Colleague: 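Quick one: the structure is below, questions incoming.
All of these numbers come straight from a predicted model, not from anything done at the bench.
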Amino acid sequence: MQPICGNMELISQIRTATSQALMALYQHELSAADILVNETKPEFEGDYTVVLFSFVKPLKKSPEALGNQLGQALLEANPGLFTAFNVIKGFLNLTIANGYWLDFLHREHDNQAFGRRPRMGKKVMIEYSSPNTNKPLHLGHLRNNFLGWSIAEIYKANGYDIVKTCIANDRGIHICKSMIAWQLFAGGATPESTGIKGDHLVGDYYVLFGAELKKQVAELVASGMTQETAEKEAPIMKAAQQMLVDWEAGQPEVIALWKKMNSWVYAGFDATYRRIGSDFDKVYYESNTYLLGKELVEQGLQKGVFEKEADGSIWIDLTADGLDRKIVQRKDGTAVYMTQDIGLAVRKNDEYHSDLSVYVVGDEQNYHFKVLKLICQKLGLPSADGIFHLSYGMVELPTGRMKTREGTVVDADDILDEMVTEAERKTREQGKTDGFTLDELEELYETIGLGGLKFFLLRVDPKKRMVFNPEESIDLHGYTATFVQYAYARIRSILRKEGDAIAGTVTGGLLPLEKALTSTLERFPAVLDQACQEMSPSVVASYAFDLAKTYNSFYAEHSVGNAETPDKKILRLQIARMTATVLRTALNLLGIRVPERM
RNA sequence: GGUCCCGUAGUUCAAUGGAUAGAAUAGAAGUUUCCUAAACUUUAGAUGCAGGUUCGAUUCCUGCCGGGACCA
């Protein structure tokens, strides 16, 4: 049986105590994990509630009688933990002892690492961002980057060793389209000669390719060709396809151009990554993994995992697993996406042997990753079972999906600039920045602007599609990073005045808001655990907002600096200090910084 | 055609099968001699439809309606 220990989280202690009491009272065996414990709803007396229904039936007792016996037993067995209980219908409401909260604050108020767990030697790989090198990043990439980075941090906080990776989709027909258009129309333009950020410059030629293709197709259709044939026969399309063949053949001029244009794109991406704080421990390049993928397909063919059609294309039959047949190599021998993903999975396994390999990729690829995992399992890849597709929903506009062709794509760099500008405008409006240096102001605008965007994109459950309305831009009031940052800045202001002499031991009771805050703080480690299990930064965002909101109510109601008694002052300083620490940790896990003043 | 996902206040989001479905925003009404009003307080407003399982369903099952994605 699991012992109750002092620094175990409260909710776990209640579960364990309940499990023990059930055994002592009725010889009823129920594991702590199966006992439902919630926070007590505010309209009832108590702090935590044990939901009794699940064991009412096997014990053949009325909920009231069971609740009263259990409550009594819990009180007697854990006098330091519970002081009172009441039973309403099937709910046993427990009141936590005052001393428990005071001990907790005394023990943890100065713990800068509160909520973080020690390393335990398990390795998690998280692949995210994964851009194509033919155009700049957009809002959807930002959701991806923020999610991947944040989930890595959340795993780290829960004691895992993290490897952040990125696969650059640096080869294929899409790159060739940009290259052809650049050859045709650029007249040698470079990022240096134009002053345009490299990823945008290359993206511009990708767009030009599309425009030129459309024009050529229209001409061919006008001369009697079908739309479908025209798209294949258009000279610019044929040129792009020829270029892909030349690339695969290693033709020096094509390779040189490819390297040059990709280097422009990487320089552009790096600038954006630096600004948003995305970083990677290891970057893979598709151009390096697709050949390995083809080898593995060949091996799989020998093993009988794959089968070859008469036309030479290679397939896997997954009908027995409830899926379809899926192509893994084209009839001309070229690689499909799946081919290189197999190569990448094997390479990751060889290099890192991670216990879990997370792919942060949009939900349009759900089927693809189901197939990838199955293929890896059938190929006998040791880490295949650890493959997990973290599937997130698209970011949509009120009018629907962002579409390149309709020019409705929200560019990443643009939206970052807009957010920071908006942060600057609002900050000036507030007029509270006396004594800030120019650098400090600059930093504050970035902190608020980027924080706002990150919070906005992370506060929604990753699995769900979300809507972004560029007209309304992003609010800096309500459920936002700004709200949390503001609470933090107000606490820091108090702590600057009052200093750090807050280590004293406190006696006496807690007012409702003092207790609510302490209780919320106590939940933080459990919240981080939940966020990790659900791979959802939104859990952390929601918690941070909840804590900041409770603190703001507390702040409006009670004075810290002019507390009624010296004991109250120490108590409130401990609460304030710990609230600041937890708010900072929570926002940092979302990639959001906190300002000392704002 | 097949597979999968999603429908909650005007809007954007919550709710491991549990108590009277929470927030935010927009709306209405208030709060500045006192630690930062980017704040606080009060107020009104929602589970697509029809069945089923259950002591109890936003949650699980079936059908329908509506939206989306993927596979050819």
Colleague: Is it the case that atom CD in A/Glu442 sees more than 12 heavy atoms from other parts of the structure closer than 6.0 Å?
Modeller: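 Counting neighbours around CD of A/Glu442, 12 or fewer heavy atoms of other residues, nucleotides or ligands fall under 6.0 Å, so no.
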Colleague: Which whole number of Å gives the distance between the P atom of B/U54 and that of B/A14?
Modeller: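 To the nearest whole Å, 31 Å.
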Colleague: Give A/Lys497 one of three labels, base, sugar-phosphate or nothing, depending on what nucleic acid heavy atoms sit under 4.0 Å from its own.
Modeller: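 Sugar-phosphate, no base atom in range.
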Colleague: Whole angstroms only, please: what is the CG-C1' distance between A/Leu458 and B/A14?
Modeller: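 Those two atoms, CG and C1', are 16 Å apart.
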Colleague: Heavy atoms from C-beta onward define the side chain here; which of B/A39, B/A38, B/A19 lies closest to that of A/Thr427?
Modeller: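 Nearest to the side chain of A/Thr427 among the choices is B/A38.
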Colleague: Answer yes or no: are there more than 12 heavy-atom neighbours, outside A/Glu29 itself, under 6.0 Å from its atom CD?
Modeller: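 Open: at most 12 neighbouring heavy atoms sit under 6.0 Å from CD of A/Glu29.
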Colleague: Would A/Phe545 pass as stacked on B/A23, i.e. its ring centre under 5.5 Å from the base's six-membered ring centre and planes under 30° apart?
Modeller: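 Here the ring of A/Phe545 and the base of B/A23 are not stacked, as the 5.5 Å and 30° limits are not both satisfied.
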Colleague: Tell me the interatomic distance from A/Asn366, atom CG, to B/C5, atom P, rounded to whole angstroms.
Modeller: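 Distance, rounded to whole Å: 9 Å.
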Colleague: Against the six-membered ring of A/Tyr392, is A/Arg143 placed for a cation-pi contact (under 6.0 Å from the centre, within 45° of the normal)?
Modeller: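 No, A/Arg143 does not sit over the ring of A/Tyr392.
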Colleague: Quick check, does A/Tyr486 stack with B/U36? I mean ring centres under 5.5 Å and planes off by under 30°.
Modeller: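 No, the aromatic ring of A/Tyr486 does not stack with the base.
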Colleague: Across all strands, who's sitting opposite B/A39 as a Watson-Crick or G-U wobble pair, both distances under 3.5 Å?
Modeller: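 B/U31 - that is the nucleotide pairing with B/A39, both distances being under 3.5 Å.
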Colleague: Measure from the side-chain heavy atoms of A/Lys549 and tell me the nearest of B/U41, B/A39, B/C4.
Modeller: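 The answer is B/U41, which lies nearest to the side chain.
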Colleague: As a test of understanding, state which of A/Lys464, A/Arg459, A/Lys463 forms a salt bridge (Lys or Arg N to Asp or Glu O under 4.0 Å) with A/Asp461.
Modeller: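 Of all the options given, the one that passes is A/Lys463.
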Colleague: Can the ring centroids of A/Tyr551 and A/Phe554 be said to lie less than 6.0 angstrom from one another?
Modeller: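 Judged by ring-centre distance (under 6.0 Å), A/Tyr551 and A/Phe554 do meet the cut-off.
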Colleague: Please report, rounded to the nearest Å, how far the C1' atom of B/C71 is from the CZ atom of A/Phe369.
Modeller: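 Between C1' of B/C71 and CZ of A/Phe369: 16 Å.
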Colleague: If you measure from the C1' atom in B/G68 to the same atom in B/A57, how many Å do you get, rounded?
Modeller: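 B/G68 and B/A57 have their C1' atoms separated by 25 Å.
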Colleague: In whole Å, measure the gap between the P atoms of B/C4 and B/U43 for me.
Modeller: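 The answer is 46 Å between these two P atoms.
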Colleague: Whole-Å distance between B/U31 P and A/Glu557 CD?
Modeller: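 My rounded result for the distance is 17 Å.
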Colleague: The test is salt bridge (charged side-chain N to carboxylate O under 4.0 Å, His left out); show your working for A/Glu307 and A/Arg325 and say whether it passes.
Modeller: CA-CA 10 Å; A/Glu307 53 198 29; A/Arg325 290 180 82 235; 3.2 Å; yes
Colleague: Decide if the gap between the ring center of A/Phe91 and the ring center of A/Phe44 is smaller than 6.0 angstrom.
Modeller: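 No, the ring of A/Phe91 stays outside the 6.0 Å limit from the ring of A/Phe44, centre to centre.
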Colleague: Before giving the answer on side chain to side chain donor-acceptor pair (under 3.5 Å), spell out for A/Thr229 and A/Thr226 the whole-Å C-alpha distance, their side-chain angles and the decisive distance to 0.1 Å.
Modeller: CA-CA 5 Å; A/Thr229 320; A/Thr226 67; 2.5 Å; yes
Colleague: Counting side-chain heavy atoms from C-beta on, which of B/A19, B/U25, B/U36 comes nearest to A/Ile88?
Modeller: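 Nearest to the side-chain atoms of A/Ile88, counting from C-beta on, is B/A19.
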Colleague: Tell me which nucleotide among B/G68, B/C35, B/A14 gets nearest to the side chain of A/Lys464.
Modeller: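 For A/Lys464, the side-chain atoms sit closest to B/A14.
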Colleague: Please work out if A/Tyr367 contacts a base, only the sugar-phosphate, or nothing of the nucleic acid, heavy-atom cut-off 4.0 Å.
Modeller: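 Result for A/Tyr367 = sugar-phosphate.
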Colleague: Could you work out the separation of B/U8 and B/G66 based on their P atoms and round it to a whole Å?
Modeller: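 Pairwise P distance, B/U8 against B/G66, rounds to 16 Å.
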Colleague: Between A/Glu364 and A/Arg401, does a salt bridge (charged side-chain N to carboxylate O under 4.0 Å, His left out) hold up when you go through it step by step?
Modeller: CA-CA 12 Å; A/Glu364 57 203 351; A/Arg401 256 185 118 159; 3.0 Å; yes
Colleague: Watson-Crick or G-U wobble partner for B/A15, using a 3.5 Å limit on both distances?
Modeller: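 By the stated definition (distances under 3.5 Å), nothing pairs with B/A15.
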Colleague: Heavy atoms only, 4.0 Å cut-off, all strands: where does A/Ser493 land among base, sugar-phosphate and nothing?
Modeller: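 It contacts base atoms.
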Colleague: I want to verify a distance call: between B/A23, B/G18, B/A69, whose nearest atom is closest to the A/Glu364 side chain?
Modeller: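 In terms of side-chain proximity for A/Glu364, the closest of B/A23, B/G18, B/A69 is B/A69.
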Colleague: Going by atom types only, do A/Asp317 and A/Thr319 share a side-chain donor-acceptor pair under 3.5 Å?
Modeller: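 Yes - a donor-acceptor pair under 3.5 Å links their side chains.
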Colleague: Hey, which sits more toward the 5' end of RNA chain B by its nearest nucleotide, A/Phe483 or A/Arg490?
Modeller: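 Its nearest nucleotide being more 5', the pick is A/Arg490.
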Colleague: For a quick check of understanding: with a heavy-atom distance under 4.0 Å over all strands, which category does A/Ile448 fall into, base, sugar-phosphate or nothing?
Modeller: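 Since a base atom lies under 4.0 Å of A/Ile448, the category is base.
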Colleague: Would you please determine if the base of B/G18 is stacked by A/Phe91, with stacking meaning a centroid separation under 5.5 angstrom and planes under 30 degrees?
Modeller: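 It does not: the two rings, one from A/Phe91 and one from B/G18, miss the stacking criterion.
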Colleague: How many Å lie between CD1 on A/Ile491 and P on B/U36, as a whole number?
Modeller: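 After rounding, the gap between these two atoms is 12 Å.
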Colleague: A/Val460 has a side chain; which of B/A14, B/C35, B/G68 sits nearest to it?
Modeller: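 Nearest nucleotide to the side chain: B/A14.
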Colleague: Please work out if A/Ser538 contacts a base, only the sugar-phosphate, or nothing of the nucleic acid, heavy-atom cut-off 4.0 Å.
Modeller: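 Counting heavy atoms under 4.0 Å across all strands, no contact is made by A/Ser538.
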Colleague: Between A/Met466 (CE) and B/C6 (P), how many Å, whole number?
Modeller: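 Whole-Å distance recorded here is 17 Å.
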Colleague: Should B/G2 form a Watson-Crick or G-U wobble pair with both distances under 3.5 Å, which nucleotide is its partner?
Modeller: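 Paired with B/G2, as far as the under-3.5 Å criterion goes, is B/C70.
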Colleague: Any idea which of B/C13, B/A19, B/U25 is nearest the A/His477 side chain?
Modeller: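 For the A/His477 side chain, the nearest candidate turns out to be B/U25.
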Colleague: Between A/Thr585 and A/Asn588, is there a side-chain donor-acceptor contact under 3.5 Å, judged purely by atom types and distance?
Modeller: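 Per modelled atom types, A/Asn588 and A/Thr585 side chains form no pair under 3.5 Å.
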Colleague: When all nucleic acid strands are considered with a 4.0 Å heavy-atom cut-off, which category describes A/Arg459: base, sugar-phosphate, or nothing?
Modeller: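 Sugar-phosphate contact only.
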Colleague: How is A/Asp434 classified with respect to the nucleic acid when contacts are heavy atoms under 4.0 Å: base, sugar-phosphate, or nothing?
Modeller: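 No contact.
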Colleague: A/Met598 near the nucleic acid: base, sugar-phosphate alone, or nothing, with a heavy-atom cut-off under 4.0 Å?
Modeller: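 Contact class for A/Met598: base.
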Colleague: Can you check the distance between B/C40 and B/U53, where both ends of the measurement are the C1' atom (answer in whole Å)?
Modeller: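 Straight-line distance between the two C1' atoms is 46 Å.
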Colleague: Return the nucleotide paired to B/U20: Watson-Crick means purine N1 to pyrimidine N3 with N6-O4 or O6-N4, wobble means G-U with N1-O2 and O6-N3, both under 3.5 Å.
Modeller: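 Across all strands, not a single nucleotide pairs with B/U20.
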Colleague: Using both distances under 3.5 Å as the test, list the Watson-Crick or G-U wobble partner of B/A26, or none.
Modeller: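 With both distances under 3.5 Å required, B/A26 matches none.
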Colleague: Looking for any heavy atom pair under 4.0 Å, which part of the strands does A/Arg325 touch: base, sugar-phosphate only, or nothing?
Modeller: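 Since no nucleic acid heavy atom lies under 4.0 Å of A/Arg325, the category is nothing.
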Colleague: Could you give the distance separating B/A44 and B/C64 at their C1' atoms, to the nearest angstrom?
Modeller: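 Comparing C1' positions in B/C64 and B/A44 gives a spacing of 34 Å.
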Colleague: Measure OH/A/Tyr551 against P/B/C35 and give the value in whole Å, please.
Modeller: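 So the OH-P distance, A/Tyr551 to B/C35, works out to 12 Å.
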Colleague: What is the nucleic acid contact for A/Val560, judged by heavy atoms within less than 4.0 Å: base, sugar-phosphate only, or nothing?
Modeller: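 The residue A/Val560 makes base contact.
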Colleague: Give the residues of residues 56-66 of chain A touching RNA chain B, defined as any heavy atom closer than 4.0 Å, sorted by residue number.
Modeller: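 RNA chain B contact set from residues 56-66 of chain A: A/Lys57.
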Colleague: Using both distances under 3.5 Å as the test, list the Watson-Crick or G-U wobble partner of B/G51, or none.
Modeller: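 By the stated definition (distances under 3.5 Å), B/C61 pairs with B/G51.
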Colleague: According to the Watson-Crick and G-U wobble definitions, with both distances under 3.5 Å, which nucleotide is paired to B/G56?
Modeller: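 Paired with B/G56, as far as the under-3.5 Å criterion goes, is no nucleotide at all.
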Colleague: Taking the nucleotide of RNA chain B with the nearest heavy atom to each, does A/Lys41 or A/Asp461 sit closer to the 5' end?
Modeller: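 That would be A/Asp461.
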Colleague: Does the base of B/A38 carry an N or O that pairs as donor and acceptor with the side chain of A/Asp475 under 3.5 Å?
Modeller: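 No.
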Colleague: In whole angstrom, what separates A/Arg401's CZ from B/G68's C1'?
Modeller: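 So the CZ-C1' distance, A/Arg401 to B/G68, works out to 9 Å.
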Colleague: Verify, without hydrogens or angle tests, whether A/Tyr543 (side chain) and A/Thr520 (backbone) share a donor-acceptor contact under 3.5 angstrom.
Modeller: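 Checked: pair present.
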Colleague: Which is true for A/Ala487 with a 4.0 Å heavy-atom rule: it touches a base, it touches only sugar-phosphate, or it touches nothing?
Modeller: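 No contact.
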Colleague: Using a 4.0 Å heavy-atom cut-off across all strands, classify A/Gly561 as base, sugar-phosphate, or nothing.
Modeller: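 A/Gly561: base contact, heavy atoms under 4.0 Å.
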